[in-house]
Novice: 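Below: one structure in structure tokens.
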Amino acid sequence: MSEKWKSKRLGTLSVRAGQEPCPITGAIATPIYQTSNFQFVDVEDGAKKCESIDNGYCYTRLGNPTLSVLEAKMAALEGGEEALAFTTGVAAISALLFSVLKQGDHAIVTDTCYSATHYLFDTILPKFGVEVTFVDASEVRKVEQALRPNTRIIYFETPANPTVKLVDMKAIARIAKEHDLMSIVDSTFASPILQRPLEHGVDVVVHSATKYIGGHGDVMGGILVGNSKLMHTIRDDTYKNMGGVIMPIDAYFLLRGLKTLEVRMKKHCANAMAVAKYLENHSKVDRVYYPGLPSHPQHELAKRQMDDFGGMVCFELKGGLEAGVTFMNSLKFCRLAVSLGDVDTLIQHPASMTHWYVAKEERERSGITDGLVRMSVGIEDVEDIIADLEQALGKVE
Ligand SMILES: *Cc1c(COP(=O)(O)O)cnc(C)c1O
């Protein structure tokens, strides 16, 4: 992050960080450098640029000016030294893991995590000789118990997908520091507006930019933020040689979304709080999971490490699976869809949609019961969202 942005607040960073008018034309919006190649002045110039992006651009898979602007803005928002932008969240996560882990290493991973992340750790990495232990990282003691001499990383999400369980970032970062490990957090559910994990001592922040960062459900992307040394290593290693780099036009869409990130997050949070309170008082609802409710078991931790509580609300109906299906099939306004963080309200059923392939027993251990409904509360007028919930709950026996 450049010095210029260090003292600025998040609303200003969302709009301005990394973006200067074009020195030639004065264009304020960042141009989409839709080019695969960059012409060199001479052989010596080409040699330098091929060697390092610090000397200029050479080929878009190694870097591109539109991507650099996105990377600079994300680094500023997270308060990190540098960022890297990938074509999806999963591309960012896999590039990171394939760069920092090697055969014989051990990884400690939270058991409540995004389904593709779970698959990477559970199925793909073990094929390359990486040992993995899944633990409930919300219990710090369990993370400590899982440590081995060959442990290299602790990987977790907070708030976690889909049950909005939290992990104490400071506590995990402390364990990592004590044992010379790398701590990595997927902060997708919070966005940099609600929490900045690097401030808590975490080493690397991961985002699926497809969610709140893009915000409009029209683009996919992934982001890593961390120290310059690590980001340089990954750029020269898996970013460049595994090819998951984001395309310039997608980087542009993310930059456009980021301009309003701070204002969108405020409305997501306010709407989600209203929806959570409404559901908690409804006779057909058994439980509501929202970090902003005093009934959330980690409400105090949420207040400590987050600036607000986010747009994700989960709940269980008293009638279990059957009630959940009737309820969801009765919705007329909320959109039945996976993904999250869009301006539109999206609602899904983890046990049959995003987490179908996780064994029922394992699902239930991480809180994904058959009756659990996950809602990504959008920024429409909250009265319209609640009216739809009200009529759909009315259809449930
Ligand atoms: C969606 C998501 C991912 C994966 O991101 P893609 O952009 O879909 O590849 C990773 N982590 C979390 C928490 C997510 O919600």
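Start at 1 and go down the list; that is how both ligands and their atoms are numbered.
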Novice: Taking 4.0 angstrom as the limit and counting only heavy atoms of Gly221, give me the atoms of ligand 1 inside it, by number and element.
Specialist: 7 (O)
Novice: Kindly determine whether Glu44 and Lys48 satisfy salt bridge (Lys or Arg N to Asp or Glu O under 4.0 Å), including the steps that lead there.
Specialist: CA-CA 6 Å; Glu44 291 73 19; Lys48 274 196 306 200; over 6 Å; no
Novice: Can you name the ring-ring contact (aromatic ring centres under 6.0 Å, His included) partners of Phe128, sequence neighbours left out?
Specialist: Phe98
Novice: Whether the side chain of Arg264 engages the backbone of Tyr212 through a donor-acceptor N/O pair (distance < 3.5 Å, no angle test) should be reported.
Specialist: yes
Novice: So which heavy atom in the protein is nearest atom 4 (C) of ligand 1, and how far is it from that ligand atom?
Specialist: Tyr114 CE2, 3.3 Å
Novice: For atom 5 (O) of ligand 1, what is the nearest protein heavy atom, given as residue, atom name and distance?
Specialist: Ser208 OG, 2.9 Å
Novice: Any nitrogen or oxygen of Gly89, main chain or side chain, under 3.5 Å from a nitrogen or oxygen of ligand 1?
Specialist: yes
Novice: Distance check, rounded to the nearest 0.5 Å: Ser52 atom OG versus Asp236 atom CG?
Specialist: 7.0 Å
Novice: Counting only heavy atoms, which portion of Leu340 has something under 4.0 Å from ligand 1: side chain, backbone, both, or neither?
Specialist: side chain
Novice: Quick check: Lys211 and ligand 1, any N/O pair under 3.5 Å apart?
Specialist: yes
Novice: Please report which non-hydrogen protein atom sits nearest to atom 7 (O) of ligand 1, along with the residue it belongs to and the distance in Å to one decimal place.
Specialist: Thr210 OG1, 2.6 Å
Novice: Evaluate Val90 for polar contact with ligand 1, using N/O atom pairs at a separation under 3.5 Å.
Specialist: yes
Novice: Looking only at protein heavy atoms, which one is nearest to atom 11 (N) of ligand 1, and what is the separation?
Specialist: Asp186 OD2, 2.6 Å
Novice: Find out if a path of hydrophobic residues (ILVMFWY) with successive side-chain heavy-atom gaps under 4.5 Å connects Val167 to Leu181.
Specialist: yes
Novice: Report, in ascending order of atom number, the atoms of ligand 1 lying under 4.0 Å from any heavy atom of Met220.
Specialist: 8 (O)
Novice: Tell me, please, whether Tyr59 has Arg61 positioned over its six-membered ring: NZ or CZ under 6.0 Å from the ring centre and within 45 degrees of its axis?
Specialist: no
Novice: Before signing off on this row, confirm whether Glu157 and ligand 1 have an N or O atom pair separated by under 3.5 Å.
Specialist: no
Novice: Any non-hydrogen atom of Ala92 lying under 4.0 Å from ligand 1?
Specialist: no
Novice: Membership question, hydrophobic clusters at under 4.5 Å side-chain separation (ILVMFWY): are Ile53 and Val69 in the same one?
Specialist: no
Novice: Please table the atom pairs, donor to acceptor, closer than 3.5 Å between any side-chain atom in residues 109-125 and protein atoms at least two apart or in another chain.
Specialist:
{"unit_1": "Ser115", "atom_1": "OG", "unit_2": "Thr354", "atom_2": "O", "d": "3.3"}
{"unit_1": "His118", "atom_1": "NE2", "unit_2": "Glu362", "atom_2": "OE2", "d": "3.0"}

